Number of protein chains: 2
Amino acid sequence: MSAETHPELTKNQALVFGSLSGAGGPLTAYAILDQLRDDGFRAPLQVYRALDKLVEYGMVHRLESLNAFVACAHTGCAAHGAAAFAICERCGDVSEFTPEKAIDLLRNWTEQQGFRLSRTTIELRGTCKACASSN
Amino acid sequence: MSAETHPELTKNQALVFGSLSGAGGPLTAYAILDQLRDDGFRAPLQVYRALDKLVEYGMVHRLESLNAFVACAHTGCAAHGAAAFAICERCGDVSEFTPEKAIDLLRNWTEQQGFRLSRTTIELRGTCKACASSN
DNA sequence: CCGAGGGCGTTACTTTATAACACAAATACC
DNA sequence: GGTATTTGTGTTATAAAGTAACGCCCTCGG
Ligand SMILES: [Zn+2]
Ligand SMILES: [Zn+2]
Ligand SMILES: [Zn+2]
Ligand SMILES: [Zn+2]
């Protein structure tokens, strides 16, 4: 897994990305730091610096409502400008999807307002199917 | 100003809401705290507790990508289940709007997934018209 | 060789948010 | 009225998330 079409990650970036990919879900910066203590990580900045780059490359998304980060589910999200996330408040599961039409509508609104859009955050909170049935 | 159709605010809730309404834009919890020192506020919890209720009542929205709070622009947002925000990264201006269609599309997606939606966060970052023209 | 830029490591710090405990006021119930 | 329950409150202390500032080491293009 992980056919890297990536811009040459540095060692720290690769470690952080590995940690996030392996997690199969969102992690906070401090959780990543703890995971990487054995690899020589000592301070939050080491994590944040790597995360900044990974987000810039579209390989990692920041979940604003969770103060956490998650590996992109699409092996490189640079393609689709924006993504959306459904976050289960029961089990913590996060599904990334790409609601193109909804995003188009939002972009249309911004254009009509003369607002120059640079980043779109869409996060849905609720209960996932599994958790809803195991009521 | 402010035709109160409100669920009987307590003193602290009213103070916090007043502070936010008067600001004409988003404030962090700590900024509110500073504004209310003279009214007897001493600790963040006093602000956060009031904010929790105000958000619950739909009178205040939390801007996740800003860690800040803003008074609802529609004199009671309980009506429309979800709102969206365009946030100018230059001047900090925030416009609240209600992209019903986009929200419907998102809700449809969740329903198809069996995801029970409870809260929707839509935040658009970019440059507002005024700031974009005064390049 | 040298200078610029990028990544790195470290210390210290700021900002944002909660836990825990105790008391007061309102509400509900008999 | 008296008593339980809930809701709001004030305070101290602490946790969690994010950044500033500094100096070092590379590497790349002169
Ligand atoms: Zn993605
Ligand atoms: Zn779940
Ligand atoms: Zn609103
Ligand atoms: Zn602006």
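Basis for what follows: all heavy atoms, side chains included, without hydrogens, waters or symmetry-related copies. Quick caveat, the model's predicted, so the values are computed rather than measured. Reminder, nothing fancy here: chain letters follow the sequence lines and each chain counts from 1.
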**Student:** In the structure I gave you, are the side-chain heavy atoms of A:P99 and B:L105 within less than 4.5 Å of one another anywhere?
**Tutor:** no
**Student:** If you measure from the Lys or Arg side-chain nitrogens to the Asp or Glu carboxylate oxygens, is any gap between A:R107 and A:E100 under 4.0 Å?
**Tutor:** no
**Student:** Would you say B:T10 reaches D:dT7's phosphate, i.e. side-chain N/O to OP1/OP2 under 4.0 Å?
**Tutor:** no
**Student:** Is any side-chain N or O of B:K53 closer than 4.0 Å to OP1 or OP2 of D:dG8?
**Tutor:** yes
**Student:** If you compare all heavy atoms of B:V47 against all heavy atoms of B:V16, which two are closest, and at what distance to 0.1 Å?
**Tutor:** CA-CG2, 4.4 Å
**Student:** When the distance from CG of B:N12 to C1' of C:dA25 is rounded to whole Å, what number comes out?
**Tutor:** 13 Å
**Student:** Using whole Å, what does the distance between atom P of nucleotide D:dT9 and atom CG of B:D39 come to?
**Tutor:** 13 Å
**Student:** Both atom distances under 3.5 Å, Watson-Crick or G-U wobble: I'd like the secondary structure of DNA chain C as a dot-bracket string, with | for pairs made across strands.
**Tutor:** ||||||||||||||||||||||||||||||
**Student:** To the nearest Å, how far apart are B:E64 CD and C:dT16 P?
**Tutor:** 14 Å
**Student:** Could you give me the CA-CA distance, side-chain angles and deciding distance for B:E64 and A:R62, then say whether salt bridge (Lys or Arg N to Asp or Glu O under 4.0 Å) is met?
**Tutor:** CA-CA 11 Å; B:E64 301 285 357; A:R62 179 187 166 82; over 6 Å; no
**Student:** Can you tell me the distance, in whole Å, between the CG atom of B:L9 and the C1' atom of D:dT7?
**Tutor:** 15 Å
**Student:** Measure the distance from CG on A:L36 to C1' on C:dG9 and round it to the nearest whole Å.
**Tutor:** 15 Å
**Student:** Please check if any side-chain donor atom of A:S19 sits under 3.5 Å from a side-chain acceptor atom of A:Q35, or the reverse.
**Tutor:** yes
**Student:** Might you point out which heavy atoms bring A:L33 and A:P44 nearest each other, and give the distance in Å?
**Tutor:** CD2-N, 3.9 Å
**Student:** Would you check if A:F85 and A:L124 make a side-chain contact, meaning some heavy-atom pair closer than 4.5 Å?
**Tutor:** no
**Student:** Atom CZ of B:R42 and atom C1' of C:dA22: how far apart are they, to the nearest Å?
**Tutor:** 19 Å
**Student:** I'd like to know if A:E123 and A:R125 make a salt bridge, using a cut-off of under 4.0 Å between side-chain N and carboxylate O.
**Tutor:** no
**Student:** Check whether any side-chain heavy atom of A:F69 sits under 4.5 Å from a side-chain heavy atom of A:L54, and report yes or no.
**Tutor:** no
**Student:** Kindly say if A:Q46 contacts the phosphate of C:dC8, meaning a side-chain N or O under 4.0 Å from OP1 or OP2.
**Tutor:** no
**Student:** Extract from the structure each pairing of a protein N or O with an N or O of nucleotides 13-21 of chain D at less than 3.5 Å, listing the distance.
**Tutor:**
unit_1, atom_1, unit_2, atom_2, d
D:dA17, N7, A:Y30, OH, 3.2
D:dG18, OP1, A:R62, NH1, 3.1
D:dG18, OP1, A:R62, NH2, 2.5
D:dG18, OP2, A:Y48, OH, 2.9
D:dG18, O5', A:Y48, OH, 3.4
D:dG18, N7, A:Y30, OH, 2.5
D:dG18, O6, A:Y30, OH, 3.2

**Student:** Specify the separation, in whole Å, of atom CD of B:E8 and atom P of D:dT7.
**Tutor:** 16 Å
**Student:** NZ of A:K11 versus P of D:dC25: gap in Å, rounded?
**Tutor:** 16 Å
